[in-house]
Amino acid sequence: MGTRNTILLAVLALVVFVGLQSVYVVSEKERAIKLRFGEVVAADVEPGLQFKVPFIENVRKFEARLITLDSEAERFITSEQKGLEVDAYIQWQIDDVRQFYTATSGGDFFRANTILGNRVNSALRDAFGRRTLREVVSGRSENQPLSTGTEIEDEGERDRLLREVTADVDSFARSGLGIRVIDIRVKAIDLPQEVSQDVFSRMRSDRQQEAQLFRSNGEREAEELRASADRQETVILANAFRESEQIRGEGDAEASRIYSTAYSADEEFYSFYRSLGAYEQSFGGDGDILLLEPDNDFFRYLQSKGGVPSQDQQ
């Protein structure tokens, strides 16, 4: 009885083991291929629960989602013979499982990335060699102004470059590797390290020349402003002097008119008033000495109230 149970348990275990070896599950995130003694018998197995012949057939599964190949930065030469360090990445996924398996020696992703990376570098090298530094960096041709960034613009030169490279590499990858290239993008474009210092020195020199030009223009404008201010000062002073002389002349004329009016009204009083003013100016200071003859006409109002000498004085 014990031997029979042992045999039944062994048979049951064998059936379970064979059953487990006969079924497999393919996820929606995977692409699978069925092999029989290394030969492909079913390509692109559908997702879900599947069956196989145990110990004779086996299944290889591959990633069905997007795969990103981040390659090392490569040096490319533009049409102007200027070197650039270009860092790019590629996004791809398996398109034909059978072809991918056979082309990469059993689905070797490292081999697939190596072949694809070399092809991308070759295509980028050719594309960069047909364009100038301005076109690949700014995306603008030589006769187009640089973007201001204030509005959405049409496809630029660099976008066309990447679109052409993507189409070329995708065509090669589909026919040769069973791979579909989704996108190729440039992450960074830098100058080579040995050229950067020279470029920075040249940029610094350009900025210094530009700063010197600004300073020279500022000094020139300052001199012009100072000269203009001095000229305006001279004009203002001249106009002020002219107006003051004009006002003084008008005042003298008005004073002469008033004197003339006063003289016409009373000649004697006018003479008397003017004589008083002359006395005040002549004798107003301390220590003033005036030598005149006593009968000088200057003293006539001091000698007589009416300004006419008396008979005794005559």
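Proximity of a side-chain donor or acceptor of Glu243 to a complementary backbone N or O of Ala240 within less than 3.5 Å is not detected. Under a 3.5 Å cut-off, the side chain of Gln99 and the backbone N or O of Ser175 do form a donor-acceptor pair. A donor-acceptor pair is defined here as one N or O able to donate and one able to accept, closer than 3.5 Å; no such pair exists between the side chain of Ser228 and the backbone of Leu225. The backbone N or O of Ala167 lies less than 3.5 Å from no partner atom in the side chain of Ser171, so there is not a single donor-acceptor pair. Side chain of Glu80 to backbone of Lys82: no donor-acceptor contact under 3.5 angstrom is found. In this structure, Thr114 contributes its side chain and Phe110 its backbone to a donor-acceptor pair below 3.5 Å. Remark: side-chain polar atoms of Arg185 are not paired, donor with acceptor, to backbone N or O of Ala88 under 3.5 angstrom.
Under the 4.0 Å criterion applied to side-chain N and carboxylate O atoms, Lys61 and Glu28 are not assigned as salt-bridge partners. Ion pairing of Asp170 with Arg174 is present here, as a side-chain N (NZ or NE/NH1/NH2) and a carboxylate O approach within less than 4.0 Å. Comment: Arg220 engages Glu224 in a salt bridge, judged by a side-chain N to carboxylate O separation of less than 4.0 angstrom.
Arg248 pairs in a side chain to side chain donor-acceptor pair (under 3.5 Å) with only one of the listed residues (Glu245, Gln246, Glu250), which is Glu245.
A pairwise comparison of heavy atoms in Arg31 and Ala64 identifies CG-CB, 3.4 Å as the closest pair. In plain terms, the two heavy atoms of Ala103 and Gly176 that are nearest each other are CB-O, 3.3 Å. Residues Arg119 and Phe172 approach most closely at CG-CD2, 3.5 Å, considering heavy atoms. Here the shortest heavy-atom pairing between Asn121 and Phe76 reads O-CE2, 3.7 Å. Across every non-hydrogen atom of Arg98 and Ile33, the tightest pair is CA-CD1, 4.0 Å. Taking each heavy atom of Asp87 and Ser71 in turn, the nearest pair found is OD1-O, 3.3 Å.
To the nearest 0.5 Å, the span separating OG1 on Thr78 from CZ on Arg130 amounts to 13.0 Å. One finds the CZ atom of Arg65 at 11.5 Å from the CD atom of Gln93 (value rounded to the nearest 0.5 Å). Going from atom CZ of Arg242 over to atom CG of Asn239 covers 4.5 Å, rounded to the nearest 0.5 Å. Rounding to the nearest 0.5 Å places CG of Leu69 at 10.5 Å from CD of Gln91. Between the CD1 atom in Ile179 and the OG1 atom in Thr104 there is a gap of 7.5 Å [rounded to 0.5 Å]. For the atom pair Arg226 CZ and Asp230 CG, the distance stands at 9.0 Å (nearest 0.5 Å).
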Discussion item. If you apply the rule salt bridge (Lys or Arg N to Asp or Glu O under 4.0 Å), what do you find for Glu164 with Arg131, and how did you get there?
Written reply: CA-CA 13 Å; Glu164 293 173 3; Arg131 289 170 173 84; 3.2 Å; yes
Run the side chain to side chain contact (heavy atoms under 4.5 Å, CB included) check on Asp126 and Val165 step by step: do they pass?
-> CA-CA 9 Å; Asp126 294 340; Val165 171; over 6 Å; no
Working for side chain to side chain contact (heavy atoms under 4.5 Å, CB included), residues Asp95 and Phe100
CA-CA 8 Å; Asp95 182 62; Phe100 175 75; over 6 Å; no
**OP:** Start with the C-alpha distance between Leu84 and Asp190, add both sets of side-chain angles, then the distance that settles side chain to side chain contact (heavy atoms under 4.5 Å, CB included), and finish with yes or no.
**Re:** CA-CA 6 Å; Leu84 293 174; Asp190 298 316; over 6 Å; no
Margin query: Please determine whether side chain to side chain contact (heavy atoms under 4.5 Å, CB included) holds for the pair Glu74 and Val86, giving the CA-CA distance in whole Å, both sets of side-chain angles, and the decisive distance to 0.1 Å.
Written below: CA-CA 5 Å; Glu74 294 287 338; Val86 181; 5.7 Å; no
TODO: Could you walk me through whether Lys187 and Asp70 pass salt bridge (Lys or Arg N to Asp or Glu O under 4.0 Å), step by step?
DONE: CA-CA 10 Å; Lys187 294 191 297 182; Asp70 193 357; 2.8 Å; yes
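The cluster map of Ile, Leu, Val, Met, Phe, Trp and Tyr, joined by side-chain heavy atoms under 4.5 Å apart, puts Leu35 and Phe109 in the same cluster.
Other residues, nucleotides and ligands place no more than 12 heavy atoms under 6.0 Å from the CD atom of Glu72.
Inter-residue side-chain proximity for Leu116 and Val181 is flagged as met; some heavy-atom pair is nearer than 4.5 Å. Between Ser105 and Arg111 the shortest side-chain heavy-atom distance falls below 4.5 Å. A heavy-atom distance below 4.5 Å is found between the side chains of Glu135 and Thr132.
Inspection of the Asp183 and Trp92 side chains reveals no N or O donor paired with an N or O acceptor under 3.5 Å.
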